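Structure record follows, encoded as structure tokens.
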Amino acid sequence: MTHDHDRDLHPETRAVHPPVITPSGSRPLGVPIYQSHIFAFDGAAEMAAAFEGPDAAYLYGRWSNPTVRALEDAVAGLEGGAAALASASGMGTINAVLTALLRSGDHVIAQSCLYGGTYALLADLARRWDVEVTYVSGNDPAEVRDALRPRTRLLVLETIANPTTQVADLPALIAVAREAGVTTMVDNTFAPVLCRPLEHGADIVVHSATKYLGGHGDILGGIAVFAWSPGASSQEENVLHHRVWKRATELGATADPFAAWLTLRGIATLPLRIERASRTALDLARRLAEHPAVAHVAHPGLPGHPQHDLARRLMPGGGGAVLSFEPVGGREAGRVFTDSVELASLAASLGDASTLVMHPASTSHRQLDAAALAAAQIGEGTVRVAVGLEHPDDLWADFERALAKAT
């Protein structure tokens with residue numbers, strides 16, 4: 001609609017004031033991309049109210065955005081949470097959570113098999129802020145109980161550890177933390193849809209959305225989902241969400257709307273992709289376990305996995321799409337295998353539509369000697385496989401060819 005005063009505008013003015021269309025009588029089926037960093041108001045009072053927090057009116061892209069909010073609400077729904085906060089990367093999310101909740105002199109209990117970026121951040125906080133960190137196996141609640149101190153503020157866990165595929169005993173470990181009033185953060189990047197840590201008492205669940213949520217290898221993103229605060233009756237009363245949101249906006253770690261839109265596109269097929277990739281991963285794990293050139297295979301779906309029974313309880317829909325194996329021949333055999341695959345790609349990520357392999361001892365864990373690798377339960381020849389959506393027979397043919405060259 002054109003207003004009477006618009007007729008008198010000069011071309012220069014018209015160029016910077018195009019009409020902004022708000023749909024009426026119909027709605028878009030897909031989430032629109034609100035590629036705008038700023039939002040305008042009709043009055044000063046409304047604008048002032050927008051400064052109050054993440055649940056107020058949209059004000060500035062670093063604070064909130066409608067496309068980003070759609071992603072946050074979608075993932076909060078998937079995880080059964082009260083609210084969520086999307087970030088520019090998985091490490092942006094973890095940085096926001098840890099630096100929002102920890103202070104100098106605090107104590108953290110963390111699972112020993114952690115993502116390298118999380119481990120590095122905790123080490124940095126120990127140096128800079130005098131944050132003390134105690135590492136536990138992730139299997140024994142008694143270890144968590146023994147590690148508790150008056151200044152313990154946070155328990156950090158991963159549903160499935162990388163690359164060992166160790167499954168954390170979430171119900172038992174979180175129960176100890178909850179009894180002591182300690183907040184628990186669980187990285188659920190490896191098990192979206194398969195496990196919902198909030199149902200086991202976790203306070204915060206984090207994902208690298210770069211991986212399975214996006215699912216197509218074309219975005220960077222992270223997201224944290226928050227359980228309801230005790231006694232809260234609305235999102236506005238969710239204390240953890242508000243603390244971390246404030247820190248994320250200060251860090252400048254919040255999500256871009258286009259990346260959020262791409263992640264929403266990926267989430268539409270997330271359950272189907274997870275089901276297919278998990279089924280293929282278990283099929284490959286079984287074949288590898290029977291191959292004479294393979295010394296050991298780790299996948300939670302295998303009966304010989306140390307946490308097989310626990311995995312079946314926590315993840316009845318499958319044990320995930322990541323496996324690791326140790327070829328006969330050690331470090332050199334692992335390196336040759338990853339150099340020799342043709343269908344799978346040698347790459348450091350996971351959750352893509354295509355299968356990715358890597359040799360941790362020469363890449364992500366290259367700084368560790370043999371003793372340190374053994375302490376981390378990683379073999380010198382260990383190969384990590386992040387299974388994609390290819391047909392399992394095609395992947396197996398590729399693996400057989402690479403194993404023949406490696407051993």
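Counting from 1, the numbers follow the sequence of the chain as shown. For the numbers below, each heavy atom of this structure counts, side chains included, while hydrogens, waters and symmetry mates do not. These numbers come from a predicted model, not from an experiment.
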Output yes when [X] and [Y] qualify as a salt bridge under the 4.0 Å nitrogen-oxygen rule, no when they do not.
X	Y	result
Glu250	Lys246	yes
Arg151	Glu132	no
Asp73	Arg69	no
Arg265	Asp218	yes

Return yes if some donor-acceptor pair links the side-chain N/O of [X] with the main-chain N/O of [Y] below 3.5 Å, else return no.
X	Y	answer
Ser278	Gly319	no
His359	Val383	no
Ser89	Gly92	yes
Glu158	Gln111	no
Arg331	Ala361	yes
Arg62	Thr249	yes
Arg273	Gly266	yes
His207	Val205	no
Glu326	His296	no
Ser208	Met91	no

What distance do [X] atom [atom1] and [Y] atom [atom2] have between them, rounded to the nearest 0.5 Å?
X	Y	atom1	atom2	value
His305	His299	NE2	NE2	8.5 Å
Leu389	Leu395	CG	CG	10.0 Å
Asp169	Leu314	CG	CG	7.0 Å
Leu240	Ile204	CG	CD1	5.0 Å

A side-chain contact here means heavy atoms from C-beta on lying under 4.5 Å apart; do [X] and [Y] qualify?
X	Y	result
Asp106	Leu154	no
Leu85	Val97	no
His200	Val186	no
Glu79	Pro197	yes
Leu101	Met185	no
Val136	Arg145	no
Asp256	Ile219	no
Asp146	Glu143	no

Legend entry - Val108 and its side-chain contact (heavy atoms from CB on, under 4.5 Å) partner, picked from Leu102, Val182, Leu98: Leu102
Inset, instruction - Let me know which of Cys113, Ser324, Ser112 forms a side-chain contact (heavy atoms from CB on, under 4.5 Å) with Thr164. - result: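 Answer after filtering Cys113, Ser324, Ser112: Cys113.
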Inset, instruction - Tell me, with the steps shown, if Leu302 and His308 meet side-chain contact (heavy atoms from CB on, under 4.5 Å). - result: CA-CA 7 Å; Leu302 293 176; His308 175 67; 5.7 Å; no
Below 3.5 Å, can you tabulate the donor-acceptor pairs from side chains in residues 339-348 to any protein atom, sequence neighbours excluded?
unit_1 : atom_1 : unit_2 : atom_2 : d
Asp339 : OD2    : Arg335 : NH1    : 2.7
Ser340 : OG     : Val336 : O      : 2.7

Legend entry - ring pair (Phe, Tyr, Trp, His ring centres under 6.0 Å) partners of Tyr58, counting only residues at least two apart: Phe39
Inset, instruction - Kindly write out the residues that satisfy salt bridge (charged side-chain N to carboxylate O under 4.0 Å, His left out) with Asp203, not counting sequence neighbours, or none if the list is empty. - result: Arg178
Legend entry - Under the salt bridge (charged side-chain N to carboxylate O under 4.0 Å, His left out) test, residues paired with Arg401 that sit two or more places apart: Asp398
Legend entry - Residues in side chain to side chain donor-acceptor pair (under 3.5 Å) contact with Ser36, at least two apart in sequence or another chain: none
Inset, instruction - Please name all residues satisfying side chain to side chain donor-acceptor pair (under 3.5 Å) with Glu46, sequence neighbours left out, ordered by chain then number. - result: none
Legend entry - Over 12 non-hydrogen atoms of neighbours within 6.0 angstrom of CZ in Arg153: yes
Inset, instruction - Scan side-chain atoms only and decide if Ser104 and Asp130 contain a donor-acceptor pair under the 3.5 Å cut-off. - result: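 No, no side-chain donor-acceptor pair sits under 3.5 Å.
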Legend entry - Derivation of the side-chain contact (heavy atoms from CB on, under 4.5 Å) call for Leu288 and Leu403: CA-CA 10 Å; Leu288 286 165; Leu403 282 169; 4.0 Å; yes
Inset, instruction - Please work out whether the ring planes of His241 and Phe226 are parallel, tilted or perpendicular, with thresholds of 30° and 60°. - result: tilted
Anything under 3.5 Å between a donor and an acceptor, one on a side chain of residues 114-125, the other on a protein residue two or more places apart or in another chain? List them.
unit_1 : atom_1 : unit_2 : atom_2 : d
Asp124 : OD1    : Arg128 : NE     : 2.9
Asp124 : OD2    : Arg128 : NE     : 3.0

Legend entry - By side-chain contact (heavy atoms from CB on, under 4.5 Å) - contacts of Asp309 (at least two apart):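 Checked Asp309 against side-chain contact (heavy atoms from CB on, under 4.5 Å); matches are Arg313.
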Inset, instruction - Only counting residues at least two apart or in another chain, list the ones meeting side-chain contact (heavy atoms from CB on, under 4.5 Å) with Ala76. - result: Ala84, Val225
For [range], which residue pairs pass the ring pair (Phe, Tyr, Trp, His ring centres under 6.0 Å) check, not counting sequence neighbours?
range	result
residues 252-276	Phe258-Trp261
residues 61-97	Phe51-Trp63, Trp63-Trp245
residues 328-358	Phe325-Phe337, Phe337-Phe399

Inset, instruction - Write down the atom of Gly138, the atom of Leu173, and the distance for their closest heavy-atom approach. - result: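 Smallest heavy-atom distance, with atoms named: O-CD1, 3.2 Å.
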